[in-house]
Amino acid sequence: MNKPKMILFDYGGTLMSEPYFDPASGNAAIYPYICQNPHNISLEEFGAYLLKLFDEIKALRGDLIEIHEHIFMKNVLEHFDMKLSVPFEEAEYITWNGISAPRQTPGAAEMLAFLRDNNIRTGVISNLCWSGAVLTRRLTEGFPEHNFEFILASSEYIFRKPDPHMFEMALRKSGLEKDEIWYVGNDMAADVVGAGSFGFHPVLYDDRSVPHNLFERNEKIKPDFPYLYVRNWDEFKDLLEV
């Protein structure tokens, strides 16, 4: 296998983890920014409706279609005749930060520095309802010394991994051939099977010190094509130095 000219990464659980995920805290974070509330909807009512609506949407959309946070927020606000004192992009940033406090996965910053030193290009493809702009902001704050060429959130493109549309979009943006790109993620179905079926070289990132709920599901999926497996970013760098 040739060394890659570009490596694309998943976001959640791969580059950064969100170990403390609390939607109620996100609702509480954005509630003070409601500047018009003619029906005096309480935080409890507001939060209950958000969670109910999100569960309904999730059940209807399936695993391959995404909904954008701005559309979701617009639906909720108009339902209650509410208005915000901040733009939607800032509102989702406030909400997301209320829901979770992200942290780099162990060694991620050093791994990205290694890629920069070796002139290997990088990008991100993430299944995410948050906007690409807010994901870019979070990654820029998380890795201030690194510059990803592009950051793609499924919210902006309708389709979720493992659907090939997201990988196709990244390929077109890269200007490379499929066999010149590696894709790294922690989800066997979305990342390894999705990227490998499309024609990228897939890498499963399986650091058991990073909390998520995919370990058991990942072990049940057996791709019918080869993929690389790493337990941490030091092992990943070793692959590239061989």
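Values reported hereafter were calculated over all heavy atoms of this structure, with side chains retained and with hydrogens, waters and symmetry mates removed.
- Taking the six-membered ring where tryptophan is involved, the planes of His165 and Phe159 are essentially parallel, since the angle between them stays under 30° and well short of 60°.
- You'll find the side chain of Val192 stays beyond 4.5 Å of the side chain of Pro162, heavy atoms only.
- For the pair Asp206 and Phe215, the minimum side-chain heavy-atom distance is below 4.5 Å.
- Clustering of Ile, Leu, Val, Met, Phe, Trp and Tyr by side-chain heavy atoms under 4.5 Å joins Met6 with Leu8, Ile125, Phe150, Leu152, Tyr157, Met166, Phe167, Met169, Leu171, Leu176, Ile181, Tyr183, Phe198, Phe200.
- Taking all atoms of both residues into account, the shortest heavy-atom contact from Ser25 to Gly98 is CB-O, 3.2 Å.
- Remark: side-chain polar atoms of Asn186 are not paired, donor with acceptor, to backbone N or O of Thr14 under 3.5 angstrom.
- Leu240 and Leu204 fall into different hydrophobic clusters, defined by Ile, Leu, Val, Met, Phe, Trp and Tyr side-chain heavy atoms under 4.5 Å apart, directly or through other members.
- Taking every heavy atom of both residues into account, Leu50 and Phe72 meet most closely at O-CZ, 3.5 Å.
- The shortest side-chain heavy-atom distance between Pro4 and His201 does not fall under the 4.5 Å cut-off.
- Looking only at side-chain heavy atoms (C-beta outward), Phe143 and Thr122 stay at 4.5 Å or farther from each other.
- For Lys161 and Asp10, the salt-bridge test passes: some basic side-chain N is under 4.0 Å from an acidic carboxylate O.
- The side chain to side chain donor-acceptor pair (under 3.5 Å) contacts involving residues 102-114 comprise Thr105-Trp233, where partners must be two or more places apart or lie in separate chains.
- Hydrophobic cluster membership differs between Phe225 and Leu239, with clusters built from Ile, Leu, Val, Met, Phe, Trp and Tyr side chains linked at under 4.5 angstrom.
- Salt bridge present: Lys237 and Asp234 bring a charged side-chain N and a carboxylate O closer than 4.0 Å.
- When all heavy atoms are compared, the tightest approach of Ile94 to Ala29 is CG2-O, 3.6 Å.
- Using a 4.5 Å heavy-atom cutoff, the side chains of Ile158 and Ile65 are in contact.
- The ring pair (Phe, Tyr, Trp, His ring centres under 6.0 Å) analysis of residues 99-121, with sequence neighbours excluded, yields no pairs.
- Remark: side-chain polar atoms of Arg160 are not paired, donor with acceptor, to backbone N or O of Glu66 under 3.5 angstrom.
- For His39 (side chain) and Ile41 (main-chain N/O), no donor-acceptor pair under 3.5 Å exists by modelled atom type.
- Ile57 and Ile30 fall within a single hydrophobic cluster, where Ile, Leu, Val, Met, Phe, Trp and Tyr side chains are chained together by heavy-atom contacts under 4.5 Å.
- Counting only distance, with no hydrogens or angles, the side chain of Ser85 and the backbone of Tyr33 share a donor-acceptor pair below 3.5 Å.
- When every heavy atom of Leu128 is checked against every heavy atom of Trp96, the shortest pair comes out as CD2-CH2, 3.7 Å.
- Other residues, nucleotides and ligands contribute over 12 non-hydrogen atoms within 6.0 Å of the CG atom of Leu51.
- Ser155 places no side-chain N or O within 3.5 Å of a backbone atom of Ile67 that could act as its donor or acceptor partner.
- Counting heavy atoms from C-beta outward, Tyr205 and Val210 have side chains that approach closer than 4.5 Å.
- Put simply, the side chain of Glu180 gets close to the backbone of Glu177: a donor and an acceptor are under 3.5 Å apart.
- Side chains of Trp130 and Tyr11 form no contact here, defined as non-hydrogen atoms less than 4.5 Å apart.
- The neighbour count for Glu145 CD, taken as heavy atoms of other residues, nucleotides or ligands under 6.0 Å away, does not exceed 12.
- Hydrophobic clustering places Val86 together with Phe46 (ILVMFWY residues linked when any side-chain heavy atoms are closer than 4.5 Å, directly or through intermediates).
- In terms of heavy atoms, Gly47 sits closest to Asn27 at CA-ND2, 3.4 Å.
- Counted by atom type alone, Asn97 and Arg138 present one or more donor-acceptor pairs between their side chains at under 3.5 Å.
- Summarising the geometry of Pro223 relative to Met188, their closest heavy-atom pair is CG-SD, 3.7 Å, with the distance given to 0.1 Å.
- The side-chain heavy atoms of Met111 and Leu15, taken from C-beta on, include a pair separated by under 4.5 Å.
- Between the Gln36 side chain and the Asp81 main chain, a donor and an acceptor come within less than 3.5 Å of each other.
- Looking at Glu45, its side chain does come within 3.5 Å of a backbone N or O of Ser42 through a donor-acceptor pair.
- Between atom CE of residue Met73 and atom OG of residue Ser131 there is a gap of 9.0 Å, rounded to the nearest 0.5 Å.
- Side chain of Glu235 to main chain of Arg231: a donor-acceptor pair is present (N/O by atom type, distance under 3.5 Å, no hydrogens or angles).
- No donor-acceptor pair under 3.5 Å is formed between the side chain of Glu89 and the backbone N or O of Ala133.
- Note: the hydrophobic cluster containing Leu84 also contains Val76 (ILVMFWY, side chain heavy atoms under 4.5 Å, direct or indirect links).
- Below 30°, between 30° and 60°, or above 60°: for Tyr49 and Phe80 the angle between ring planes is above 60°, a perpendicular geometry.
- Looking at Lys5 and Glu149, no side-chain N of the basic residue comes within less than 4.0 Å of a carboxylate O on the acidic one, giving no salt bridge.
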